[in-house]
Amino acid sequence: VNPLFKDWLEAHYPLRAAHVMSRVRQIRDGRESDVEFGRRLKGQGVFAKLLHKRFEKTCRELGFNQQRVSLSTAHFKAVDQQMSLF
């Protein structure tokens with residue numbers, strides 16, 4: 001995926017590509033990607049922490065993740081035609 005992303009970035013945002021890839025390397029400990037499971041989904045370092053704080057602040061301001069809603073299937077009905085598919 002990394003080469004595809006870099007090609008897309010160069011094609012659509014050539015003036016920003018170097019800056020974006022620099023930021024990617026900053027949150028990946030100097031590498032453009034991290035293949036270790038668990039680490040590849042989380043950035044590291046100062047810039048990654050800054051992004052995390054901004055995201056949490058925006059979620060609070062917009063009221064996201066304030067309460068959990070339990071899901072219910074009470075409003076769904078099985079239709080005979082659907083059931084014949086299985």
Side-chain angles (χ1 to χ4, degrees):
V1 174
N2 187 30
L4 291 174
F5 174 68
K6 286 169 62 175
D7 288 346
W8 176 87
L9 195 58
E10 284 289 340
H12 292 88
Y13 299 97
L15 300 177
R16 299 180 189 171
H19 179 70
V20 170
M21 292 311 298
S22 171
R23 292 290 191 196
V24 169
R25 285 188 295 276
Q26 286 178 25
I27 64 172
R28 292 280 175 238
D29 233 4
R31 296 181 303 269
E32 290 182 353
S33 65
D34 193 346
V35 295
E36 186 176 326
F37 185 77
R39 280 188 15 181
R40 68 178 169 210
L41 301 177
K42 297 179 180 180
Q44 299 174 2
V46 176
F47 190 67
K49 289 177 185 176
L50 175 64
L51 287 175
H52 180 73
K53 286 181 181 181
R54 285 181 180 176
F55 182 79
E56 284 187 336
K57 180 182 178 197
T58 302
C59 284
R60 271 194 314 274
E61 288 173 356
L62 296 174
F64 294 156
N65 298 327
Q66 298 298 313
Q67 60 182 338
R68 296 288 178 196
V69 177
S70 17
L71 301 176
S72 169
T73 58
H75 298 291
F76 293 93
K77 296 179 186 176
V79 178
D80 290 335
Q81 293 170 347
Q82 285 181 316
M83 295 308 287
S84 66
L85 294 175
F86 304 101

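Here the structure is a predicted model, which means the values were calculated and not measured. Any value given below was found using the heavy atoms of this structure, including those in side chains, with hydrogens, waters and symmetry copies removed.
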> How would you list, by chain and number, every residue that makes a salt bridge (Lys or Arg N to Asp or Glu O under 4.0 Å) with Lys49, sequence neighbours excluded?
Replying inline: none

> For Arg23, what residues pass the salt bridge (Lys or Arg N to Asp or Glu O under 4.0 Å) criterion, not counting sequence neighbours?
Replying inline: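 So Arg23 forms no salt bridge (Lys or Arg N to Asp or Glu O under 4.0 Å) with any residue.
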
>> Tell me every residue that passes side chain to side chain contact (heavy atoms under 4.5 Å, CB included) with Ser22, counting only those two or more places apart in sequence or in another chain.
In response: Arg25, Gln26

> Taking only residues two or more places apart in sequence or in another chain, which ones pass side chain to side chain contact (heavy atoms under 4.5 Å, CB included) with Asp7?
Replying inline: none

>> Taking side chain to side chain donor-acceptor pair (under 3.5 Å) as the cut-off, I'd like each qualifying pair that reaches into residues 55-64, sequence neighbours left out, listed once.
In response: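 Listed by first then second residue: His52-Glu56.
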
Apart from [X] itself, what residues make up its hydrophobic cluster when side-chain heavy atoms of I, L, V, M, F, W and Y under 4.5 Å apart count as a link, directly or indirectly?
{"X": "Leu62", "value": "Phe64"}
{"X": "Ile27", "value": "Phe47, Leu50, Leu51"}
{"X": "Leu4", "value": "none"}

> Got a sec, which residues hit ring-ring contact (aromatic ring centres under 6.0 Å, His included) with His12, two or more places apart in sequence or on another chain?
Replying inline: Trp8

Considering only distance and modelled atom types, tabulate donor-acceptor pairs under 3.5 Å from the side chains of residues 13-21, sequence neighbours left out.
none

